[in-house]
2 protein chains.
Amino acid sequence: MARAATTSDPFNAVAEPRRRQILTFLAADERDVSEIVVAVGLDQPSVSKHLGVLRRVGLVRVRRNGRHRLYRTNAAALKPVHDWTETFERLWRHQLERVKERAESQMNPKPPSQ
Amino acid sequence: MARAATTSDPFNAVAEPRRRQILTFLAADERDVSEIVVAVGLDQPSVSKHLGVLRRVGLVRVRRNGRHRLYRTNAAALKPVHDWTETFERLWRHQLERVKERAESQMNPKPPSQ
DNA sequence: ACATTACATACCTATATGGGAATATGTCAA
DNA sequence: TTGACATATTCCCATATAGGTATGTAATGT
C-alpha cells in the first residue's frame with residue numbers, strides 16, 4: 001500500500017512544515033487567506049489546499065466576512081498529538097536526569113564503588 | 001514537489017500509525033525485531049523498514065545481542081513534537097474554559113446584562 | 001448586468017512512500 | 001564449513017501527495 005492520507009488525522013496534518021507554519025501564524029489572530037499567502041510565501045491555491053487539509057481535520061476554523069474568509073487555529077485539535085507525546089514525557093525526563101547525573105559526576109568525580 | 005521525506009524529522013516519522021504503535025510498544029522495554037513483528041502484525045521487512053526510519057530520526061536505539069537486535073524507544077527525540085504542541089496548550093485551555101463556562105451558564109442561566 | 005476581488009477546486013507532474021516478495025548480510029551452532 | 005536463524009536491503013507497484021497552472025464560484029461595487 002502507499003502512504004496514508006494526510007487528511008486522515010492531526011498527526012499527518014502537522015507532519016507538513018508549511019501547515020505547522022500556518023497553524024502558528026493563525027494561533028494569535030484570525031487572518032484571511034491573502035495574509036496567509038504572504039506569511040508562508042506559497043501561491044494562493046497551495047495555501048488554500050493546506051487550509052483545506054487543516055479544515056478537514058478540524059485544526060482550523062473558518063468564518064466568512066464578505067469576500068474574505070477568516071481562518072484561525074483550533075488548538076484543541078492538537079491535543080491528541082500533545083497527549084500522545086505526553087505519554088513518553090516521563091521516559092525522556094528520566095533519560096535527561098541520567099545525562100545530568102553523569103555530567104555532574106564528571107565535574108566532581110566519585111571513586112568507583114567497590 | 002512531492003510529499004516531504006518521512007525520514008526528515010520526528011513529525012513525519014510519527015505521522016505513520018504503525019510507527020507510533022512501534023514506539024509505544026518499545027517504550028517500556030527493549031524488544032527484538034521478531035517480537036515487534038508479532039506486536040504490529042506486519043511482515044518482517046516492513047517492520048525493519050519502519051525501524052530504519054525511526055532509527056534515522058533518532059526515535060529508537062538499537063543494541064546487538066547475538067543474532068538479535070534489541071530496539072528501544074528514545075523518548076527524548078519526541079520532545080520537539082511535544083514542545084511544539086505545547087505552544088498551543090494555553091489556547092486550547094482557554095477554549096475549553098469558555099466551553100465549560102457556557103455549559104455552566106446553561107445549567108444556571110443568568111439574565112442578560114442590560 | 002458586468003467587472004473585480006477573494007477563494008476554492010480541478011488538473012497535471014514529479015516524487016516519496018508503505019507493503020510484499022525475493023535476496024543479501026551477519027551471527028551462532030555443530 | 002555448512003546450515004539455520006535473525007535482520008536488513010533491494011526491487012516492485014499502487015497510491016497519495018505538494019505545488020503550480022488554469023478555471024470555477026461567491027460576494028461586492030458601479
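Numbers restart at 1 for each chain; the letters A, B, ... are given by sequence-line order, proteins then strands.
If you take CD of A:E16 and C1' of C:dT17, they are 15 Å apart, rounded to a whole angstrom. C:dC7 atom P lies 12 Å from atom CD of A:E30, rounded to whole Å. Atom CG in B:D32 sits roughly 12 Å away from atom C1' in D:dC5 (whole-Å rounding). Rounded to whole Å, the distance from CZ on B:R63 to P on D:dT7 is 13 Å. Look at CZ on A:R69: it is 12 Å from P on D:dT28, rounded to the nearest Å. Put simply, CG on A:N12 is 12 Å from P on D:dA16, counting in whole angstrom units. If you take CZ of B:R20 and P of C:dG18, they are 12 Å apart, rounded to a whole angstrom. Across the protein-nucleic acid pair, B:I36 atom CD1 and D:dA6 atom P stand 14 Å apart, rounded to whole Å.
Proximity of A:S48 to the phosphate of C:dT9: no side-chain N or O atom is located under 4.0 Å from OP1 or OP2. Listed pair B:H68 / D:dT7 meets the phosphate criterion, a side-chain N or O lying under 4.0 Å from OP1 or OP2. Proximity of A:R19 to the phosphate of D:dA18: a side-chain N or O atom is located under 4.0 Å from OP1 or OP2. Note on B:Y71: every side-chain N or O is 4.0 Å or more away from OP1 and OP2 of D:dA6. The phosphate of D:dT7 has neither OP1 nor OP2 within less than 4.0 Å of any side-chain N or O from B:R64.
With contacts defined as side-chain heavy-atom distances shorter than 4.5 Å, the pair B:R64/B:V62 does not qualify. Under the 4.5 Å side-chain criterion, counting only non-hydrogen atoms from C-beta, B:F88 is in contact with A:T73. Under the 4.5 Å side-chain criterion, counting only non-hydrogen atoms from C-beta, A:V14 is not in contact with B:T85. Residues B:D83 and B:K79 have side chains in contact (heavy-atom distance under 4.5 Å, counting atoms from C-beta outward). Two residues are said to be in side-chain contact when any heavy atoms from C-beta on lie closer than 4.5 Å; B:V60 and B:N74 fail this criterion. Considering only heavy atoms from C-beta on, A:T24 comes within 4.5 Å of B:W84 through its side chain.
For the pair B:S34 and A:H50, both in contact range of DNA chain D, the more 5′-proximal nearest nucleotide belongs to B:S34. Taking for each of A:R18 and B:L51 the nucleotide of DNA chain D with the nearest heavy atom, the 5'-most of the two is the partner of B:L51.
Across residues 37-46 of chain A, A:Q44, A:P45 each have a non-hydrogen atom less than 4.0 Å from an atom of DNA chain C (numbered order).
Residue pairs meeting the ring-ring contact (aromatic ring centres under 6.0 Å, His included) criterion with at least one partner in residues 50-77 of chain B, sequence neighbours excluded, do not occur; the list is empty.
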Exercise. Checking side-chain contact (heavy atoms from CB on, under 4.5 Å) for the pair B:H82/A:H82: CA distance, chi angles, key distance, verdict?
Worked result: CA-CA 6 Å; B:H82 186 262; A:H82 187 261; 3.5 Å; yes
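B:E35 contributes a side-chain N or O that, together with a main-chain N or O of B:D32, makes up a donor-acceptor pair within less than 3.5 Å.
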Using a cut-off of under 3.5 Å, enumerate the N/O to N/O pairs linking the protein to nucleotides 2-4 of chain C.
from  : atom 1 : to    : atom 2 : distance (Å)
C:dT4 : O2     : A:R67 : NH1    : 3.2

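In this structure, CD on B:E16 lies 11.0 Å from CG on B:L23, to the nearest 0.5 angstrom.
For A:K49, the listed nucleotide lying nearest its side chain is D:dG19; candidates were C:dT9, D:dG19, D:dT7.
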